[in-house]
Engineer: 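Can you read through this structure? Questions will come right after.
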There are 2 protein chains.
Amino acid sequence: MRLFLLTLTAMTAGLIGCAETKNSNSELDEALTAKTITQTQKVALSDYRGKKPNIVLLFADDAGYDDFGFHGSKVMKTPHLDSIAKDGMIFRQAYVSDPTCGPSRAGLLTGRYQQKFGFEENNVPNFMSPNSKFLGADMGIPLSEKTMGDRLQALGYKTAVFGKWHVGGADRFHPTKRGFDEFFGFRGGRRSYFKRKVEGTIKEDLEYMERGFGNLAETDTYLTDALGEAAVDFIEDNKDNPFLIFLSFNAPHTPMDARPEDLEKFPELDGIRKINAAMTLAMDRASGQVLNKLEELGLAENTLVIFTNDNGGPTDQNAGNNYPFSGTKSNHLEGGIRVPFVAKWPAVIPAGTDFEYPVSTLDLVPTFVAAGGGKTDGLDNVDGVNLLPHIVGEETERPHQTLFWKKDARAAVRDGDWKLIRMPDRPAELYDLSKDTTEQVSLASEHPEKVKELYKKIYNWEKTLAQPMWQLDRKWEDYDITRMDTYRLPHEQD
Amino acid sequence: MRLFLLTLTAMTAGLIGCAETKNSNSELDEALTAKTITQTQKVALSDYRGKKPNIVLLFADDAGYDDFGFHGSKVMKTPHLDSIAKDGMIFRQAYVSDPTCGPSRAGLLTGRYQQKFGFEENNVPNFMSPNSKFLGADMGIPLSEKTMGDRLQALGYKTAVFGKWHVGGADRFHPTKRGFDEFFGFRGGRRSYFKRKVEGTIKEDLEYMERGFGNLAETDTYLTDALGEAAVDFIEDNKDNPFLIFLSFNAPHTPMDARPEDLEKFPELDGIRKINAAMTLAMDRASGQVLNKLEELGLAENTLVIFTNDNGGPTDQNAGNNYPFSGTKSNHLEGGIRVPFVAKWPAVIPAGTDFEYPVSTLDLVPTFVAAGGGKTDGLDNVDGVNLLPHIVGEETERPHQTLFWKKDARAAVRDGDWKLIRMPDRPAELYDLSKDTTEQVSLASEHPEKVKELYKKIYNWEKTLAQPMWQLDRKWEDYDITRMDTYRLPHEQD
């Protein structure tokens, strides 16, 4: 039955053109030219309904787009993350809703364009304009918003966050008050991967490790490994009920801290790149622990495991490689907003498949709700879409005709394969991503009507947004733009 | 001597091309082709130094650019304001630093681009985004900034504000705490021109009339006349010492309240336009009272009287006519930011002259400081320039090569006669104001290099700004842009 379903799914995927098997099968191709889906197939393809899978979201921090074996990196060692791609689906055009950590996570956790509730700019204490309404620990997802945890709890899931939170340091924003039953991690946006000496309270310092609510929990274990272990323990404890794990690695975000034994695995590398590779290896190892535990407990078949990342690599800080894209973290070139995205759910998703249309991390909330048996029609305050019908081929249209990004005067829209980037310091640039994924040749002067049309799309979306609850000091805007220009050519793959 | 000086001034003005007599004199023109200024002339032209004139700034609110006799209006009756132009100088290209009331006044009062201290958006209670740092009466010029009043008090001037304040309703922002010895007016941005029933305190309602600090002072007199009377009284009281009056009319801002006897003067008009004309007539009458009092006391010769306005007319609200310009209040077309500007100072400024180069209301602080005998070299936190050397012809260069405007993603720059307007919903537009003052034909596609150059100028200026201390609700951004498009063609002169 399993094989039968997979075949049908793969067939239909090929038929509709939005998902395809990597090894094309000419027999299948021929059979599918009819471009119809029979009722039998539909039933088979609707197979995800009612399965209420466990959900594990593995989330990297500032990883380079190319820095994974499944994307072709020869130097990075990510066998466990690669196995998710091999056993499931690679999303070839996955986006985050912002090229910086805090806003991207606010979008991910709510399924809503975070600018709609004023979480437009990155929330980094000491980087902010004093003219902001909220500063420090008060920068968080407003309590009016529902999180992924809230929605999955309501569907009977046990929920947990392990790792970086970064969407509100104050007590009222704590994971355990925002829909997550368990927490082991830190409230802020970055921290050492090694044990920190405790010299203050969690309220004074958002970088301390914490277990549950308010319990200091610095550990001797290298942080990435400790997060993996916490997830494994949580799986053990919840093997008999559906669960959601948001395993929010801070790797490979700065500070560049690696274990000596991991560094030794990369004798051919040096400098920051070597440390990044070691940190990524540790993240892969921790992910492997989780995958192995799922297998060991017989949960893997009905667990949806997704691995993705919060924004493009900041090459100048962690030597992340965003090949084949130009740009980095904090700008709207593809290298800032396009992220690795692989998903495995053996019971539903056919192995070794690709999804070619753009998707967004905003889609995870409605996708998880749908997987968990919830209704997604008219889901309140959610901009993402349920990807499951697209993944299995029930839906044949693009999940998103249009996606938007914005920070202050900078903004971008992707509409079909056209992309317009609006900048404060230069004329807007227009790219045809179907032919120019590296955004090298602006077609703005050749297509003035398209430029005008996309400007209006940005603006009509912008009208639906709130004003920012905080803003970065303006010097960081210049930092972002300078960084964009510095990384205007893609790196070579390594 | 007086006549001699005037002649020399006019000659030099013609010579340098930045100021010219209205009736050209071919003999003079010929004599001036040498393009040199003799030392004798220079001394004569420096005549303003040490005079310490009284200063009267007559300031309209939301007046249409064309709605004055001195600009050619046939329907408006402004004989007293016209007399300032006749007896002094018309500035043909005068700008405010913002097309809305609050920010324009913040720039005027500090001489500094108001965005540098976060006063970027109009401060209108109930119009603001709740994500603003400051709201209501807390939206004001930060106490770290020096006002025109502070600077003139330091030079021994008695200072007064009569009328609309609108740069901070809280006690700490009160005119009497910001460099003004006397105040009779209201703290907010608009109010009825008739007596209001007092049902609360000034702190609860920023629209009550107030005398000094905290004294309710509703009056039976039509507001515009009452402000004129207060200024006249102040002149009487201070005839023996130098004084600065900021006579901040709210006319012809809404609400459209006029005296019946003033309305009767415009039988050929009807509707809102008729009321605007009556309100403008009252403003002219009050200005006339001031001018007459100066004459009566023998102060006119050494009093610098300037009349200008805070931003372009909001045609949809008060039927102001911004002919010959397109645009209105709240947008960056010339109709939003170009204002009537006339100056009279018989002891120094030659009668019947024009000044052709762009000036800004930011220039008033340093100009007044210079007139009052203060130093303007290295004046701290001031972006304006002392206009006096330009007015008398000592300086022959443009006072400003470049002027900037900005609200959120919208911005504009005027560099020489080029103007670029950056918009959030359409490609930037480029105009050559020397040939297209109505901004009808964007030259952006013909001059891409100029567009790029001006984008960078905007951006390099923008980098020097603070983030806004408050923002309007985003719907007002759409209101502004829609209004701009509605008034994209100039009105006919009436």
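Only heavy atoms go into these numbers, but all of them, side chains included; no hydrogens, no water, no symmetry mates. Convention: sequence-line order gives letters A, B, ...; per-chain numbering from 1.
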Engineer: For A/Pro468 versus B/Gln471, what's the shortest heavy-atom pair and its separation?
Structural biologist: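 Taking A/Pro468 first and B/Gln471 second, the nearest heavy atoms are CD-OE1, 3.3 Å.
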
Engineer: Sort out for me which of A/Tyr455, A/Trp470, A/Tyr459 touches chain B most, counting heavy-atom pairs under 4.5 Å.
Structural biologist: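 The candidate making the most pairs under 4.5 Å is A/Tyr455.
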
Engineer: Evaluate side chain to side chain contact (heavy atoms under 4.5 Å, CB included) for A/Lys463 paired with B/Lys475, printing each intermediate quantity in order.
Structural biologist: CA-CA 7 Å; A/Lys463 287 198 286 190; B/Lys475 72 182 173 193; over 6 Å; no

Engineer: Under a 4.5 Å heavy-atom cut-off, does chain B meet the side chain of A/Arg422, its backbone, both or neither?
Structural biologist: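 Looking at A/Arg422, just its side chain touches chain B.
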
Engineer: Can you tell me which residue pairs pass the side-chain hydrogen bond (donor to acceptor under 3.5 Å, both in side chains) test with a partner in residues 402-412 of chain B, sequence neighbours excluded?
Structural biologist: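 Qualifying pairs, neighbours excluded: B/Glu120-B/Lys406, B/Thr402-B/Asp415, B/Lys406-B/Glu462, B/Lys407-B/Glu477, B/Arg410-B/Glu477, B/Arg410-B/Asp480.
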
Engineer: If you check every heavy atom in residues 441-454 of chain B against those of chain A, which residues fall under 4.5 Å?
Structural biologist: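 Residues in range: B/Val451, B/Lys452.
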
Engineer: Only heavy atoms, only distances under 4.5 angstrom. Which residues in residues 329-337 of chain A are near chain B?
Structural biologist: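 Heavy-atom contacts from residues 329-337 of chain A to chain B are absent.
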
Engineer: Hey, which of A/Gly118, A/Ala428, A/Pro427 has the most heavy atom pairs under 4.5 Å with chain B?
Structural biologist: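 Highest number of pairs under 4.5 Å: A/Pro427.
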
Engineer: Hey, could you give me each pair passing side-chain hydrogen bond (donor to acceptor under 3.5 Å, both in side chains) that has a residue in residues 128-140 of chain A? Not counting sequence neighbours.
Structural biologist: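 The answer is A/Asp138-A/Arg172.
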
Engineer: At a heavy-atom distance under 4.5 Å, which candidate from A/Asp473, A/Asn460, A/Ile481 has the highest pair count against chain B?
Structural biologist: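 Ranked by heavy-atom pairs under 4.5 Å with chain B, first place is A/Ile481.
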
Engineer: Can you name the closest pair of heavy atoms from B/Asp425 and A/Lys456 and give their distance?
Structural biologist: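 That closest heavy-atom pairing would be OD2-NZ, 2.6 Å.
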
Engineer: Strictly distance-based, threshold 3.5 Å: is any side-chain N or O of A/Arg474 a donor or acceptor partner for the main-chain N or O of B/Ala466?
Structural biologist: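 Judged by distance alone, yes, a pair lies under 3.5 Å.
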
